[in-house]
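Notes for the one structure printed next.
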Amino acid sequence: MRKLELVSPAGNFDQLKAAINGGADAVYLAYTRYGARAYAKNFSLEELEEATSYASKNNVKCYLTLNTLIKDKELEDTFEFLKHYFSFNQDGIIIQDFGILKLLKDRFPSVPIHASTQLNIHNNSSVKLLEEMGFKRIVLAREMTLGEINSVSMHNNVEIEVFGHGSQCYSYSGLCYFSSFIGSRSGNRGRCSQPCRMKYHFPERMAEKRFFLSKNDICTLDILPEIINSEITALKIEGRMKTPQYTAITTSIYRKYIDRYYQDPNAYSVDSIDIFRLKQVFSRDLCTGYFKESFPDNIISLKKSGSVGNFMGKISSIEFDEKKRIIKNIYIKSKWSINKKDILEVWTKKGNERIEIIDFERKFLKNEKFLYKIPLGIKSSISLNDRVFKYYDKAIDDFSRSFYAYKLKGTNNGNIFSLEKKEIIKDVYSYEQGFENSSLVLLIHEKEFLKKILDETREDLVYSGYGDLLDSKNVGFFENVNWHLNKIKKRLIIKLPSIIYDHDLEKIPPLLNRMLEIGVSHYYVSNIGVARLLSKFKDINLILGADLNIFNSLALGYLSDFLNKKNIVGVELSAELNLDELNALISRYYSNNDKKLNFLLYAYGYYPLTIARVRKDSLAKAKRKKSFDSLVDEKGYSFYLGNDYNENTILFNSRKTCLLFDLEHIIKKGISNILIDSNFIAPLDYIEVSSSFRKGLQLLHDKDLDGYGRYLNSLRRNELFQDYTKGHLNKGVI
Ligand code: SF4
């Protein structure tokens, strides 16, 4: 039996030592740039050399985490860094960006490549595609059940890695634009500000603020035997931003249980003290994530979004000093030990109070619990039955420190090498186009909405209602829509989902056959596995969607080549690029590729920020309330909530994007298709919005720039074009 590889986080040197001494088989670590944890300390190039050499002397592999999206202007620097890094370590590299994949395959073909969980891989077809591309290992999406994992691993030869312990993103990784849209810090660039860990409330329920988007942490000790018996190659511990103590304790505990299982599978059991230790070093409430269920009830941590520590017991008695009006002593019954210098946190009705233990008395009770008498001597809001958690455990801290106490030889943080520019790709930053080939594209999600606007439609129409499309009773309806659009020389484009597990993926070929029969030949794809599936069909045209996160020209060139260039007719680039970055990408693409593409840009609507394997109703049910259609943050911004066909919850931006007043520049810089989204907009308003964009474009086509300027001015007071954001058009993301 191949032994499960334990992969631990190394966000800095102490974590690295803790991981190695704790028993990790491999660590993952990052350069000071380009890792998905930009706020971890990370390593300079010199430090990486020292760290990887230390790890390899200890027979521990180092996987370089370069799993952010890379802008065109950063490709050369990235190449230079990789050239230096691979001169001393070639254990493996974890990536998200297909441009980096192209660079690795061309320039460093012997380095093993791992697909980051940021690539959101959750179906067989995606795994196959990445295997065909040359990935050696795939870190799957954290949202997969063990059954789903087994079904993809059984059908493919590539190595499979899963996250087995630690924090989880609210959204599918790689599909979260929350932090980026509310503050320019992109999760896809390792700079997330974690808005999902904030409090929200339902409209008109201000008093009931909860952490509705904060997920509990994963712990898989209880199901480790099932994981070992599946086809999984490696188990990863999350946490490069956490402490070395965390790495020491989690690594050593997972090492103990992996070894315990291999020594005697029948005697496998988990000691409660180890769960206590895990919870103590950092954890929200623990759950088995999605391994057991696709929509687990206990996935959200409503009450607290930070580490909770261990529940010790309740305040069982209080002694007051009436004269001084202080609490003299508190009493707690607990089965766990409390020692001097531990810190307890009491959850009182007025907030949490922390108590450092200076002294205590302990009595053993019959029911295997201890009664602790803890002197307080202060004014306090603590009252009977308040819950007590251990916030800090001195003994665990001391024990974990022994894993990384000794020093490595000195390191410095200085940077590394002077960057000499090398040409990775031909570079022409001058692409400009006229207005004649630009057009609108309408994005419609519901059949009833489509019926209401169809007669007013003059443009290509993207339809995303996957549930309606799957229903064979609707074929006639879509045939009519397609006929209507063809009559005006426009087309129906089918948008396929970004989250699609194997049982739904199987429905695509019959759907495609039905659609091809009625003459629908254009498909917008947001999932890499769906793109692979469709690229095998003849006579269809693909538009690569924004959820594929195409961020640079190398990625676009590589992906379109790999997916059969002939089929690709358009691309919606990442919504996190600014206009100059979009132009740089388009310019470089055309400098290196002959094939003309339509570049789409999201120009109006409420942009989807997160998609989560959480039922919308379950958020409300957790509060025993009816379902709500929005969540409000602490500043009062309201975010719409919606569902996809499969009950995944989507959270949308609180402000609409509107690029109407920038059309001229956008088109000049190479964008040909202007996408107008209909979500949360009334049909009549939508007709007005699209006709305004249409008229603006027409004036540009006619080269009537004065008329265009006057027309835009006439719209500035229209409330459909007020209180908007331009998304990342001007500044982009960091
Ligand atoms: S779900 Fe999004 S906002 Fe939350 S931590 Fe992950 S990337 Fe950040």
Side-chain angles (χ1 to χ4, degrees), residues 69-76 78-79 97-107 109 129 132-134 421-439 441 460 462 489-491 493 521-526 528 530-574 577 579-601 665-675 701:
L69 298 173
I70 305 291
K71 297 177 183 179
D72 265 275
K73 65 180 179 202
E74 297 165 335
L75 284 167
E76 278 79 8
T78 311
F79 170 64
D97 191 310
F98 289 107
I100 300 301
L101 174 66
K102 165 83 175 140
L103 209 151
L104 290 168
K105 286 174 66 99
D106 287 355
R107 310 289 177 117
L129 182 82
E132 288 157 8
M133 285 174 164
K421 296 271 176 207
K422 283 268 151 40
E423 194 182 73
I424 301 297
I425 187 164
K426 268 197 269 163
D427 197 2
V428 182
Y429 281 84
S430 59
Y431 185 79
E432 279 213 1
Q433 66 177 10
F435 300 117
E436 43 307 333
N437 294 321
S438 57
S439 62
V441 180
D460 289 346
V462 178
K489 299 206 166 30
K490 296 294 167 189
R491 56 177 74 96
I493 301 165
S521 59
H522 282 64
Y523 297 85
Y524 176 109
V525 287
S526 312
I528 202 76
V530 175
R532 175 185 181 271
L533 195 69
L534 267 65
S535 67
K536 312 265 180 219
F537 278 75
K538 274 192 192 149
D539 304 326
I540 65 165
N541 300 294
L542 294 185
I543 295 151
L544 304 178
D547 281 347
L548 298 180
N549 280 324
I550 297 175
F551 220 71
N552 57 59
S553 53
L554 267 190
L556 177 58
Y558 177 75
L559 213 49
S560 63
D561 271 351
F562 205 86
L563 290 169
N564 186 357
K565 209 177 218 169
K566 286 201 297 282
N567 284 349
I568 314 284
V569 293
V571 55
E572 185 183 352
L573 298 170
S574 164
L577 293 168
L579 191 53
D580 287 339
E581 289 160 351
L582 289 166
N583 180 251
L585 192 163
I586 295 168
S587 307
R588 281 179 148 207
Y589 171 80
Y590 281 135
S591 305
N592 293 275
N593 297 274
D594 309 325
K595 167 125 193 195
K596 189 88 184 137
L597 287 176
N598 289 312
F599 286 93
L600 279 80
L601 187 66
H665 307 292
I666 291 169
I667 291 164
K668 265 192 196 155
K669 296 265 184 174
I671 302 294
S672 37
N673 289 161
I674 304 297
L675 197 66
H701 288 188

Next item on the list: Report yes or no: does Lys595 contribute a side-chain atom to a donor-acceptor pair with the main-chain N or O of Lys566 at less than 3.5 Å?
Entry: yes
Check: Is any side-chain heavy atom of Ile667 closer than 4.5 Å to a side-chain heavy atom of Gln433?
Finding: yes
Note to self: Let me confirm one number: the CG-CD1 distance from Leu69 to Ile550, rounded to the nearest 0.5 Å.
What the structure shows: 10.5 Å
Item checked: Arg491 and Ile493, any side-chain heavy atoms less than 4.5 Å apart -> yes
Next item on the list: Specify the closest pair of heavy atoms between Phe551 and Ser574, including all atoms of both residues, with the distance to one decimal.
Entry: CE1-OG, 3.3 Å
Next item on the list: For the residue pair Leu600 and Ile671, establish whether any side-chain heavy-atom pair is separated by less than 4.5 Å.
Entry: no
Next item on the list: Measure the shortest side-chain to side-chain distance between Ile540 and Leu534 over non-hydrogen atoms and say whether it is less than 4.5 angstrom.
Entry: yes
Margin query: Main chain of Phe435, side chain of His701: is a donor-acceptor contact present, judged purely on distance under 3.5 Å?
Written below: yes
Margin query: Tell me whether Lys596 at atom NZ has more than 12 heavy atoms from other residues, nucleotides or ligands lying less than 6.0 Å away.
Written below: yes
Next item on the list: Test side chain to side chain contact (heavy atoms under 4.5 Å, CB included) on Phe562 and Arg532 and set out the steps.
Entry: CA-CA 9 Å; Phe562 205 86; Arg532 175 185 181 271; over 6 Å; no
Check: Do Lys669 and Asp580 meet the salt-bridge criterion of a basic N to acidic O distance under 4.0 Å?
Finding: yes
Check: Just how far is it from atom CG of Asp72 to atom OH of Tyr589, taken to the nearest 0.5 Å?
Finding: 13.0 Å
Notebook entry, point to check: Does a side-chain heavy-atom distance below 4.5 Å link Leu129 with Leu563?
Noted result: yes
Margin query: For Ser672 and Asn437, which I'm curious about, is there any donor-acceptor pair between the side chains at under 3.5 Å?
Written below: no
Item checked: Spatial distance of atom CG (Leu582) from atom CG (Leu601) [nearest 0.5 Å] -> 6.0 Å
Note to self: Within the 4.5 Å heavy-atom criterion, are His665 and Leu579 side-chain neighbours or not?
What the structure shows: yes
Note to self: With no hydrogens and no angle check, just 3.5 Å: does a side-chain donor-acceptor pair link Asn673 and Ser439?
What the structure shows: yes
Margin query: The test is side chain to side chain contact (heavy atoms under 4.5 Å, CB included); show your working for Ile528 and Leu548 and say whether it passes.
Written below: CA-CA 7 Å; Ile528 202 76; Leu548 298 180; 4.3 Å; yes
Check: Rounded to the nearest 0.5 Å, how far does OG1 of Thr78 lie from CD1 of Ile100?
Finding: 5.0 Å
Note to self: Quick check for you: to the nearest 0.5 Å, what is the distance between Ile586 atom CD1 and Leu556 atom CG?
What the structure shows: 9.0 Å
Check: Less than 4.0 Å between a side-chain N and a carboxylate O, is that true for Glu76 and Arg588?
Finding: yes
Notebook entry, point to check: Between Glu432 and Lys668, is there a salt bridge with N-O shorter than 4.0 Å?
Noted result: no
Item checked: Check: Leu101 and Met133 side chains under 4.5 Å, non-hydrogen atoms -> yes
Checklist line | Side-chain heavy atoms of Lys105 within contact of Tyr558, under 4.5 Å | finding: yes
Notebook entry, point to check: Among side-chain atoms of Asn552 and Asp97, is any donor-acceptor pair under 3.5 angstrom?
Noted result: yes
Checklist line | Audit row: Leu544, Ile568, side chain to side chain contact (heavy atoms under 4.5 Å, CB included) steps and yes/no | finding: CA-CA 7 Å; Leu544 304 178; Ile568 314 284; 3.9 Å; yes
Check: About how many Å separate NZ of Lys565 and CG of Asn567, when rounded to the nearest 0.5 Å?
Finding: 13.0 Å
Notebook entry, point to check: Between Ile543 and Val571, is a side chain to side chain contact (heavy atoms under 4.5 Å, CB included) present by the stated rule, with each step listed?
Noted result: CA-CA 5 Å; Ile543 295 151; Val571 55; 5.8 Å; no
